[in-house]
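Working notes for the structure below.
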Amino acid sequence: MLVTDKRKALYSFNAGAEAALARIVGEKGYFAYRDLWRKTSSHEIELDFPLQLDFELNTGCNLNCPMCPGGLKNPAQKMQLMDFNMYRGIIDEGVACGAKAVNFNFINEPLLRKDIGVFVDYARKK
């Protein structure tokens with residue numbers, strides 16, 4: 001097996017998970033989104049607006065990994081939270097411009113937010 005084949009196997013989507021997601025969001029829309037994702041990721045096409053919006057809904061994480069700048073180096077430091085109205089405005093603009101997906105973390109732990117469901121629900125409805 002070539003390295004690229006191994007990489008594809010490692011990063012390929014679980015067929016069962018993909019089928020479940022397609023049922024939840026609607027097969028036609030889901031597979032159209034995945035096709036756009038594939039084409040933009042391989043640079044076949046370039047969109048005028050990002051297909052996915054990435055959010056840092058809060059600062060910090062409950063872990064202290066030595067290689068990560070987002071961990072709680074100072075537990076007394078108060079976690080900062082993104083304002084829901086700001087988030088809502090970004091989602092609304094993104095949807096109007098063609099965004100199809102959101103990601104809620106990069107160097108934070110969004111599940112530390114007690115109101116994470118409100119953010120997920122708003123994106124899901126849009």
Side-chain angles (χ1 to χ4, degrees):
M1 183 183 288
L2 296 172
V3 172
T4 54
D5 292 337
K6 286 181 183 178
R7 187 172 290 138
K8 283 180 185 177
L10 285 172
Y11 293 110
S12 65
F13 218 152
N14 176 307
E18 190 164 51
L21 285 169
R23 279 192 305 275
I24 291 167
V25 299
E27 288 190 18
K28 183 178 176 184
Y30 177 78
F31 288 114
Y33 158 73
R34 292 303 298 167
D35 188 50
L36 273 175
W37 183 267
R38 182 189 56 76
K39 288 177 180 175
T40 57
S41 297
S42 64
H43 305 286
E44 287 179 45
I45 63 171
E46 184 176 321
L47 302 176
D48 292 330
F49 196 84
L51 190 58
Q52 174 176 299
L53 301 173
D54 291 351
F55 290 94
E56 292 287 337
L57 296 179
N58 53 274
T59 57
C61 173
N62 55 338
L63 298 178
N64 193 10
C65 302
M67 74 292 201
C68 181
L72 294 177
K73 308 299 185 217
N74 179 1
Q77 184 177 358
K78 186 170 171 72
M79 185 170 56
Q80 296 177 355
L81 304 175
M82 175 182 265
D83 177 69
F84 182 73
N85 289 327
M86 176 187 287
Y87 169 82
R88 188 173 56 202
I90 294 168
I91 290 288
D92 291 347
E93 181 180 349
V95 168
C97 293
K100 305 283 185 211
V102 296
N103 180 31
F104 292 123
N105 73 310
F106 178 60
I107 56 171
N108 72 337
E109 176 48 73
L111 297 177
L112 291 176
R113 291 191 68 130
K114 294 184 185 332
D115 61 350
I116 185 69
V118 175
F119 288 82
V120 173
D121 190 50
Y122 191 80
R124 172 79 173 92
K125 287 178 180 172
K126 291 294 180 167

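Values below: all heavy atoms of this structure, side chains included; hydrogens, waters and symmetry mates excluded. In this chain, numbering begins with 1 at the start of the sequence shown.
Listed by chain and residue number, nothing satisfies the side-chain contact (heavy atoms from CB on, under 4.5 Å) test with Ala32 (two or more places apart in sequence, or in another chain). Lys125 is linked by a salt bridge (charged side-chain N to carboxylate O under 4.0 Å, His left out) to Asp121, counting only residues two or more places apart in sequence or in another chain. Evaluation of the ring-ring contact (aromatic ring centres under 6.0 Å, His included) rule for Phe84 yields Tyr87, Phe119, Tyr122 as partners, not counting sequence neighbours. In this view, Gln52 and Asp54 satisfy the side chain to side chain donor-acceptor pair (under 3.5 Å) rule, not counting sequence neighbours. In this structure, the salt bridge (charged side-chain N to carboxylate O under 4.0 Å, His left out) partners of Asp115, at least two apart in sequence or on a different chain, are Arg113. Partners of Ile90 under the side-chain contact (heavy atoms from CB on, under 4.5 Å) rule, at least two apart in sequence or in another chain, are Leu53, Phe55, Met82, Met86. Remark: Glu44 pairs with Arg38, Lys39, Ser42 by the side-chain contact (heavy atoms from CB on, under 4.5 Å) rule, at least two apart or across chains. Partners of Asp48 under the side-chain contact (heavy atoms from CB on, under 4.5 Å) rule, at least two apart in sequence or in another chain, do not exist in this structure.
Pairs of residues two or more places apart, or lying in two chains, never qualify as ring pair (Phe, Tyr, Trp, His ring centres under 6.0 Å) while including a residue from residues 92-112. Listed by first and then second residue, the salt bridge (charged side-chain N to carboxylate O under 4.0 Å, His left out) pairs involving residues 88-108 are Asp92-Lys126 (not counting sequence neighbours).
Taken together through direct or relayed side-chain contacts under 4.5 Å among Ile, Leu, Val, Met, Phe, Trp and Tyr, Leu47 and Tyr33 form part of one hydrophobic cluster. Phe49 and Leu36 fall into different hydrophobic clusters, defined by Ile, Leu, Val, Met, Phe, Trp and Tyr side-chain heavy atoms under 4.5 Å apart, directly or through other members. Linking Ile, Leu, Val, Met, Phe, Trp and Tyr whenever their side-chain heavy atoms come within less than 4.5 Å leaves Leu81 and Ile91 in two separate clusters.
With values rounded to the nearest 0.5 angstrom, Ile45 atom CD1 is found 7.5 Å from Asp35 atom CG.
Gln80 pairs with exactly one of Asn58, Leu57, Thr59 by the side chain to side chain contact (heavy atoms under 4.5 Å, CB included) rule, that one being Thr59.
Side-chain contact between Val120 and Val102 is absent, with no heavy-atom pair separated by less than 4.5 Å.
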